[in-house]
Structure formats: C-alpha cells, structure tokens
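Hydrogens, waters and symmetry mates are skipped; everything else that's a heavy atom, side chains included, is used. Below, chains carry the letters A, B, ... as their sequence lines are ordered, and counting in each starts from 1. All of these numbers come straight from a predicted model, not from anything done at the bench.
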Protein chains: 2
Amino acid sequence: MNAAKTPQTPTPTPAPTSAEPLPDAPSDAVDAITAQWAAVRPDLETVPMAVYGRIYRIARAMGERMDKEYAQFGIGRGEFDVIATLRRSGEPYTLSPRQLSATLMLTTGGMTGRLDKLEKAGLLRRSPDPTDRRGLRVSLTEKGLALVDESVTAGLAAQTEVLTSALNADEAAQLSALLRKLLAAH
Amino acid sequence: MNAAKTPQTPTPTPAPTSAEPLPDAPSDAVDAITAQWAAVRPDLETVPMAVYGRIYRIARAMGERMDKEYAQFGIGRGEFDVIATLRRSGEPYTLSPRQLSATLMLTTGGMTGRLDKLEKAGLLRRSPDPTDRRGLRVSLTEKGLALVDESVTAGLAAQTEVLTSALNADEAAQLSALLRKLLAAH
DNA sequence: GGGAAGTAGCTTACTCGTAAGCTACTTTTC
DNA sequence: GAAAAGTAGCTTACGAGTAAGCTACTTCCC
C-alpha cells in the first residue's frame with residue numbers, strides 16, 4: 001500500500017558518481033527517487049537528477065507560497081509580475097504591453113489577459129501611445145503603486161524567511177553564486 | 001526602445017545586504033532586476049530575490065529543454081513523469097492511479113488525462129485491481145518500458161551536459177548539498 | 001511617394017491543469 | 001449486518017497559458 005518502495009538506507013556508494021546523501025544530511029524525497037533509479041538503472045548519473053529535481057521542487061514550493069502571499073492582496077503571481085515590472089522600471093511606472101510581455105517571457109495573448117484583469121481591478125491604466133498609434137502605454141495607478149509596494153515587501157519577507165531559516169549568509173551567497181553560473185549555461 | 005533600463009554597472013555596494021555580483025562574475029538578467037529594485041526600493045533584500053529568481057529561471061529553462069528531449073519520443077514532460085515513476089518502482093512496473101497522482105502531486109483528474117493519453121499511445125495498460133474492485137492497476141507495456149528507458153537516458157544526458165558545462169564535480173556536489181538544505185526548509 | 005515588409009495589440013481555438021461533484025465500492029462502527 | 005463514513009477513479013466546469021491569425025499602423029526602400 002506504500003506509495004513507493006522506500007529505500008531504507010541511501011546506500012553509501014550506490015551510483016557511479018560520488019557523494020550523494022552526505023553522512024550527516026537527512027535524506028529527502030529526492031534522495032528516495034535517486035536511490036530508486038540507482039537500484040533499477042545503476043548506469044544513470046544521480047547528481048544532475050538530484051540537482052534539477054531539487055530546483056524544480058523548490059521552484060514549485062516557493063511558487064505556491066508566493067501565490068498565497070499575493071492572494072492576500074487579491075492578485076495572482078502572474079499579475080504581480082506585471083505590476084512589479086512596472087514598479088521597478090521607476091517613474092512614471094509606464095511600459096508598453098510589448099515590453100512587458102518580452103520581459104516576462106509571455107505571449108502577447110497572455111499579456112492581454114493579465115492587463116485586462118489588472119485594469120479592471122483599477123491597478124493600472126491603458127492609454128494610447130502618443131508617438132505610435134499602434135501602441136499602448138500601460139501605467140500603474142496610485143492604487144496599483146501602493147499595492148505593489150505592499151505585496152513585494154510581503155513576498156520578499158516570505159522568501160527571506162525560508163532562505164535564512166535554511167542557510168546562513170555565507171551559504172546563501174555561495175548558493176547564489178553557483179546558481180548564477182548554472183543559469184549562465186542555459 | 002529598450003525593453004528595460006539596463007543598469008550599466010552592477011554598483012559595487014548597492015544593497016544593504018552584501019556581495020551580489022562578485023567582482024569576476026558576469027552580470028545576468030537577474031542581476032539587472034535586483035539592481036533595478038535596489039535603485040527604486042533600496043530597503044529590499046536582494047539576496048533572496050536573486051536566489052529564487054535564478055531557481056525559477058533555471059527550472060523553466062531546463063523544463064523547456066526537457067520538453068524538447070521528450071518530444072523526440074512523442075511524449076510530454078507530464079507523460080514522461082508518469083512512465084518514469086512506473087519504471088523506477090521496479091518490476092512489475094505497476095502502480096495504482098492514486099499512487100501515481102500522490103507521487104506526482106497531481107489531482108486525480110489530471111492523472112486520468114495523462115493515463116488516457118499514455119494508454120492510447122500503447123505505453124501503458126489499465127487493468128482492474130484483483131483485491132479491490134474500486135481500484136485499478138496501471139502497468140507499463142513492453143513498448144512503454146523501452147520508451148522510458150530511452151527517454152530517461154536522453155533527458156539525463158541533457159541535464160548532465162548543462163550541469164557539467166557550468167560546474168565542476170565539487171561545485172555540483174556543493175550545489176546539491178545547499179539545495180537539499182533549502183528544500184528541507186520548504 | 002507608394003508598395004512591401006515589419007510591428008503592436010487583440011481574438012480565437014486549443015491544451016492541460018485544478019476543484020468539485022459523481023458513482024461505485026470498501027471499511028468502520030454500533 | 002446495516003448504516004455511516006471513507007476511498008478510488010472519472011466527469012464536468014473553469015482558469016490561464018500558447019500558437020496562429022487578424023486589423024491597424026509604421027518603417028523601409030526603391
């Protein structure tokens with residue numbers, strides 16, 4: 001009835017590739033998965049599997065946490081990203097839909113939907129671009145500016161809380177540096 | 001016309017929190033974002049923002065890469081996850097839909113859709129559970145077993161390629177350990 | 001200066017997930 | 001051993017994204 005074989009011992013040296021569940025570190029769900037793979041397919045590398053497996057899970061877990069934070073302000077993560085992009089672009093908090101969809105790696109169709117929702121909520125305003133009649137300018141309203149300032153603080157507090165509970169300042173800096181190198185390879 | 005303000009210099013000490021774009025490290029899109037925030041909201045912590053920003057982007061980039069790998073075998077990432085879970089559970093490569101949806105953190109409705117598609121493709125088979133008439137048993141077919149073995153190898157090769165191009169073995173192990181600690185806090 | 005090519009934003013059709021509700025069956029409890 | 005509660009899997013309604021195609025406008029280029 002167990003959901004899956006639970007590998008009792010994360011076998012000291014199960015894979016061809018070195019150190020996985022270091023002696024002191026407690027084993028987690030990802031260790032269980034790599035151990036299962038090592039049992040049935042010992043030819044597979046477990047380190048990359050573990051790294052990306054954890055990245056994927058952390059991204060998902062923090063994403064859900066962020067959703068909850070932003071829900072307090074009546075917006076979703078997607079909407080937050082839009083108003084946050086406007087906010088950090090500085091005064092007058094104005095960008096075009098195209099700039100927004102490019103920055104957020106979203107199709108224009110998806111952006112139209114987000115802007116509709118935010119405009120209806122009174123957080124931003126669409127106005128014609130005076131220099132190009134094809135285009136629009138999207139600006140944060142007073143209400144939008146106030147809301148984004150509150151919600152970014154709340155969201156960041158959540159991230160900070162989890163990060164500092166897990167890692168000290170040195171480790172966090174080290175992690176950031178390693179992730180920068182990894183991201184550069186993508 | 002630029003999509004966003006491009007911060008020329010990642011200012012040596014812009015934020016209250018220490019070392020961000022280390023002297024040698026090239027600055028990336030995430031550095032640009034944190035620099036923008038530091039300019040308009042200098043009270044915000046930039047380290048957590050950078051860590052989670054990079055985690056999110058790496059997860060997304062590798063996700064897209066995986067989609068391409070699996071597309072060669074005619075499946076998507078979601079379908080791959082299902083047959084991979086069956087594969088690593090070991091012989092007889094059989095689990096219930098409930099076990100699968102629990103393991104993959106998916107609703108039962110979502111699992112029904114994935115199973116429909118995989119069954120139609122001949123990669124797995126649904127049969128009644130002999131001990132519980134409410135339940136089903138989902139098993140990999142010969143074809144499914146062969147396909148998952150090929151696709152897991154291809155996917156892992158892609159992950160290994162990117163990881164080893166960015167980090168040496170020590171760094172990768174270090175990253176894995178830091179991520180384990182961070183994941184544990186979620 | 002006029003036609004070709006490019007760009008901006010919106011709409012439509014489709015995909016794939018969730019949430020909630022359904023039926024069928026099993027387990028618990030008195 | 002019958003009623004109540006729980007569990008398994010499917011269906012339906014809905015949400016939010018993509019891809020492709022549309023119209024309107026601008027820019028390029030001869």
Quick one: is [X] getting a side-chain N or O under 4.0 Å of the [N] phosphate, OP1 or OP2?
X        : N      : value
A:Lys117 : D:dA16 : yes
B:Arg114 : D:dC10 : no
A:Arg137 : C:dG9  : no

In whole Å, I'd like the distance from the [atom1] atom of [X] to the [atom2] atom of [N].
X        : N      : atom1 : atom2 : value
B:Leu100 : D:dC10 : CG    : C1'   : 16 Å
B:Asp67  : C:dT15 : CG    : P     : 16 Å
A:Asp116 : D:dG15 : CG    : C1'   : 14 Å
A:Arg77  : D:dG15 : CZ    : P     : 18 Å
B:Leu115 : D:dT11 : CG    : C1'   : 15 Å
B:Arg98  : D:dG6  : CZ    : P     : 15 Å
B:Tyr70  : C:dC16 : OH    : C1'   : 18 Å
B:Leu124 : D:dG9  : CG    : P     : 13 Å

Salt-bridged, [X] to [Y], with N to O below 4.0 Å?
X        : Y        : result
A:Lys181 : B:Asp28  : no
B:Arg65  : B:Glu69  : yes
B:Arg126 : B:Asp116 : yes
A:Arg137 : A:Asp129 : no
B:Arg60  : B:Glu64  : yes

Watson-Crick and G-U pairing of DNA chain C written in dot-bracket, each distance under 3.5 angstrom, with | for inter-strand partners = ||||||||||||||||||||||||||||||
Does atom OH of B:Tyr93 have more than 12 heavy-atom neighbours from other groups under 6.0 Å away?
->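 Yes, because the 6.0 Å sphere around OH of B:Tyr93 holds more than 12 heavy atoms from other groups.
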Should we say atom CZ of B:Arg133 is surrounded by more than 12 heavy atoms from elsewhere, each under 6.0 Å from it?
->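 12 or below, so no.
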Distances for protein N/O vs nucleotides 23-29 of chain D N/O pairs under 3.5 angstrom?
from, atom 1, to, atom 2, distance (Å)
D:dT26, OP1, A:Arg133, N, 3.4

For nucleotides 2-5 of chain C, tabulate all protein N/O to nucleotide N/O atom pairs closer than 3.5 Å, reporting atom names and distance.
none

Polar side-chain atom of [X] near backbone of [Y] as donor-acceptor pair, under 3.5 Å:
X        : Y        : result
B:Glu79  : B:Gly76  : yes
B:Gln99  : B:Ser96  : yes
B:Thr153 : B:Asp149 : yes

What residues form a ring-ring contact (aromatic ring centres under 6.0 Å, His included) with B:Tyr70, not counting sequence neighbours?
->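 Once residues adjacent in sequence are excluded, the partners of B:Tyr70 under the ring-ring contact (aromatic ring centres under 6.0 Å, His included) criterion are B:Phe80.
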Run the side-chain contact (heavy atoms from CB on, under 4.5 Å) check on B:Arg125 and B:Val138 step by step: do they pass?
-> CA-CA 6 Å; B:Arg125 179 175 22 227; B:Val138 174; over 6 Å; no
Is there a residue in residues 105-113 of chain B whose heavy atoms reach under 4.0 Å of DNA chain D, and which residues are they?
->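 Residues of residues 105-113 of chain B that come under 4.0 Å of DNA chain D are, in numerical order, B:Thr108, B:Gly109, B:Thr112.
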What is the minimum heavy-atom distance between A:Glu171 and A:Asn168, and which atoms define it?
->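 Distance-wise, the nearest heavy atoms are N-OD1, 2.8 Å.
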Could I get the full list of side-chain contact (heavy atoms from CB on, under 4.5 Å) partners for B:Lys143, not counting sequence neighbours?
->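 Per chain and number, B:Lys143 pairs via side-chain contact (heavy atoms from CB on, under 4.5 Å) with B:Leu123, B:Thr141.
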For B:Ser96, report the nucleic acid contact type (base, sugar-phosphate, nothing); a contact means any heavy atom under 4.0 Å.
->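 B:Ser96: backbone/sugar contact only, no base atoms under 4.0 Å.
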